[in-house]
Amino acid sequence: MLPVGRLFMTVVYGHLILEQARLTGLNRGVLDQIFALLIGDLVDPLTELHGKPGSTDQQRKQALACLRTPAHDTAQTHDLWQGIEAIAGTYAMHP
């Protein structure tokens, strides 16, 4: 049950992130990077579900069918990190 719960949790977080992104106009590059991480977070519970002795053949088949490699756009990642480096060290907490 734990891997299935982690899968549902990740999907719900992804949905909430999309809702907030629409409301705030979040940069598409940032959104793509967040979802690349979320897709990576799905790998562990899917692999765990596939390898559990109590999983049915259908659960194993569906777990494998859900595995994906996140799309990677080198230029987009570079641009995002350039923006992060530009603001690095500018945030200061109020005492």
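Just so you know, these numbers come straight off a predicted model, no measurement behind them.
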Qualifying side chain to side chain donor-acceptor pair (under 3.5 Å) pairs, either residue in residues 24-40, two or more places apart: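 For residues 24-40, and leaving out neighbouring residues, the side chain to side chain donor-acceptor pair (under 3.5 Å) pairs sorted by first residue read Arg28-Asp32, Asp32-Gln76, Gln33-Thr77.
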- request: Among residues two or more places apart or on two chains, list those pairs meeting side chain to side chain donor-acceptor pair (under 3.5 Å) that have a residue in residues 83-95.
  value: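 Listed by first then second residue: nothing to list.
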As an exercise, state the distance from [atom1] of [X] to [atom2] of [Y], rounded to the nearest 0.5 Å.
{"X": "His50", "Y": "Thr47", "atom1": "NE2", "atom2": "OG1", "answer": "8.5 Å"}
{"X": "Leu42", "Y": "Leu49", "atom1": "CG", "atom2": "CG", "answer": "12.0 Å"}
{"X": "Ile34", "Y": "Ile39", "atom1": "CD1", "atom2": "CD1", "answer": "12.0 Å"}
{"X": "Thr10", "Y": "Asp44", "atom1": "OG1", "atom2": "CG", "answer": "10.0 Å"}

message: Can you confirm whether more than 12 heavy atoms, excluding those of Gln58, are under 6.0 Å from its CD atom?
response: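 12 or below, so no.
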- request: Taking all non-hydrogen atoms of both residues into account, name the closest pair between Leu38 and Gly14 and its distance.
  value: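 Nearest heavy atoms, Leu38 then Gly14: CD1-CA, 3.8 Å.
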query: Can you name the closest pair of heavy atoms from Pro3 and Lys52 and give their distance?
result: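 Residues Pro3 and Lys52, closest heavy atoms: CG-CE, 3.7 Å.
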- request: State, yes or no, whether a side-chain contact exists between Glu48 and Arg6 at a heavy-atom distance under 4.5 Å.
  value: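 SC-SC contact between Glu48 and Arg6 confirmed.
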message: Could you check whether any side-chain heavy atom of Tyr13 comes within less than 4.5 Å of a side-chain heavy atom of Asp41, counting everything from C-beta outward?
response: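 No; the side chains remain at least 4.5 Å from each other.
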query: For Ala21, what residues pass the side chain to side chain contact (heavy atoms under 4.5 Å, CB included) criterion, not counting sequence neighbours?
result: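 For Ala21 the side chain to side chain contact (heavy atoms under 4.5 Å, CB included) partners, ignoring immediate neighbours, are Leu26, Leu31.
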query: Taking it one step at a time, do Leu7 and Val11 satisfy side chain to side chain contact (heavy atoms under 4.5 Å, CB included)?
result: CA-CA 6 Å; Leu7 291 170; Val11 169; 5.6 Å; no
- prompt: Under the 3.5 angstrom rule, does the side chain of Gln20 hit a backbone N or O of Ile17 as a donor-acceptor pair?
  reply: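 No; zero donor-acceptor contacts below 3.5 Å.
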- prompt: Counting only N and O atoms by type, is there a donor-acceptor contact under 3.5 Å from the side chain of Arg60 to the main-chain atoms of Ser55?
  reply: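 Yes; at least one donor-acceptor contact below 3.5 Å.
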